[in-house]
Amino acid sequence: MHPQQPYPPQFQAPRPSAGTAVGSALLGVFAALVSALMLTASIVSVGVFEPFLLSIVLVAVRLAVFTVGAVLILGPKSQAGRYLIIIAAAAYLILGLWGAVTFLSVIGADGLTIGYVLPTLVNLLLLALVLLLAALPSTGRYLAAAAQRKRAATQQQWAQQQSPPQQWPQQPSPQQQWPQQR
């Protein structure tokens, strides 16, 4: 490299990777499915359905929100999906921490079992990881670059439809003309 030319002349930033966006979308749906499985296991082990009605609603909403967010990220690559996942992960993380603190204050440390600690810990760690992946700047850069590529392709297609033809039609040859009447 020449000292007067510190950068390559055609330097372009690398294309953003989809890793964090896809990871947050799929991990969010996975976390919601794990939550649904844990709730199902709790209902089956207790054998009573009624005390879990609020939990069933919360898990159903969680699954729906994370699925919609994942579809928005993976399909049209929308920032709205990212924001939906960030808000849902933060809300359910706060709700999970609040539930754990409430459980500890009611039951006490003597009531802790591996059956409660392990699922709660897995749930909270998955939500924290989803929140982290969705909130990373690289996720936003990837989704913004995808939106920019989509806009550029749409503008290019529109410009091609609106531009005049490059060549004017040529005069038809005598063989191509209509036969003259006699």
Side-chain angles (χ1 to χ4, degrees), residues 10-45 49 51-104 115-163:
Q10 298 295 327
F11 177 75
Q12 291 182 349
R15 186 173 173 181
S17 171
T20 57
V22 171
S24 68
L26 295 179
L27 200 57
V29 173
F30 176 72
L33 287 173
V34 166
S35 180
L37 288 174
M38 288 190 298
L39 178 62
T40 303
S42 296
I43 292 171
V44 169
S45 69
F49 182 74
F52 294 102
L53 287 178
L54 179 62
S55 296
I56 291 170
V57 169
L58 289 174
V59 168
V61 169
R62 179 178 175 178
L63 186 58
V65 167
F66 278 115
T67 302
V68 168
V71 167
L72 287 174
I73 286 178
L74 299 174
K77 294 174 182 47
S78 169
Q79 289 281 357
R82 175 185 182 217
Y83 296 136
L84 191 62
I85 286 180
I86 289 172
I87 291 168
Y92 279 104
L93 187 61
I94 291 169
L95 189 62
L97 289 171
W98 176 71
V101 168
T102 303
F103 181 81
L104 283 175
Y116 174 77
V117 173
L118 188 62
T120 302
L121 189 60
V122 166
N123 186 28
L124 294 176
L125 288 176
L126 280 174
L127 286 170
L129 186 58
V130 168
L131 179 61
L132 175 71
L133 287 174
L136 282 174
S138 60
T139 302
R141 282 193 303 268
Y142 168 74
L143 294 172
Q148 178 62 29
R149 284 192 303 273
K150 186 176 180 180
R151 276 192 302 272
T154 303
Q155 288 173 352
Q156 183 180 15
Q157 184 181 21
W158 184 80
Q160 287 175 352
Q161 291 174 354
Q162 299 300 321
S163 66

Quiz prompt | Heavy-atom closest pair, residues A134 and I85 | solution = CB-CG2, 3.8 Å
Quiz item: Distance-only, no hydrogens or angles: does the S42 side chain make a donor-acceptor pair with backbone N or O of M38 under 3.5 Å?
Solution: yes
Quiz item: Are any of the side-chain heavy atoms of L124 and L93 separated by less than 4.5 Å?
Solution: yes
Exercise. Can you measure from CG (L126) to CG (L131) and round to the nearest 0.5 angstrom?
Key: 12.5 Å
Self-check item: Side-chain touch R62/L95, heavy atoms, less than 4.5 angstrom
Solution: no
Self-check item: Minimum heavy-atom distance S35-V59, with the two atoms named
Solution: OG-CG2, 3.5 Å
Quiz item: To the nearest 0.5 Å, how far apart are CG in L97 and OG1 in T102?
Solution: 10.5 Å
Quiz item: Under 30°, 30 to 60°, or over 60°: which ring-plane class applies to Y92 and F66, parallel, tilted or perpendicular?
Solution: tilted
Quiz item: So with a 6.0 Å cut-off around CZ of R149, is the heavy-atom count from everything else above 12?
Solution: yes
Exercise. Would you please test T154 and W158 for side-chain contact (heavy atoms from CB on, under 4.5 Å) and show each step?
Key: CA-CA 6 Å; T154 303; W158 184 80; 5.5 Å; no
Practice problem: To the nearest 0.5 angstrom, please state how far the CD1 atom of I86 sits from the OG atom of S24. | Solution: 8.0 Å
Self-check item: Contact summary for A70 and V29, nearest pair of heavy atoms
Solution: CB-CG2, 3.6 Å
Quiz item: Can you tell if the side chain of N123 reaches within under 4.5 Å of the side chain of V34, non-hydrogen atoms only?
Solution: no
Quiz item: Given V22 and I73, is the side-chain contact (heavy atoms from CB on, under 4.5 Å) satisfied, shown in steps?
Solution: CA-CA 7 Å; V22 171; I73 286 178; 5.7 Å; no
Quiz prompt | Minimum heavy-atom distance between K77 and A146, given as atom pair plus value | solution = CD-CB, 3.5 Å
Self-check item: 4.5 Å side-chain heavy-atom contact, Y142 and T20
Solution: no
Exercise. Output, in order, the C-alpha distance, side-chain angles, deciding distance and verdict of side-chain contact (heavy atoms from CB on, under 4.5 Å) for L136 and L133.
Key: CA-CA 5 Å; L136 282 174; L133 287 174; 4.2 Å; yes
Quiz prompt | Shortest non-hydrogen contact between G69 and L84, atoms and distance | solution = N-CD2, 3.7 Å
Quiz item: Do any N or O atoms from the side chain of Q79 and from the backbone of L143 form a donor-acceptor pair under 3.5 angstrom?
Solution: no
Quiz item: If you round to the nearest 0.5 Å, how far is OG1 of T40 from CD1 of I56?
Solution: 8.0 Å
Quiz item: Closest heavy-atom contact between A100 and T120?
Solution: CB-CG2, 4.2 Å
Quiz item: Are there more than 12 heavy atoms of other residues, nucleotides or ligands under 6.0 Å from atom CZ of F103?
Solution: yes
Self-check item: Heavy-atom side-chain proximity of L26 to L74 below 4.5 angstrom
Solution: yes
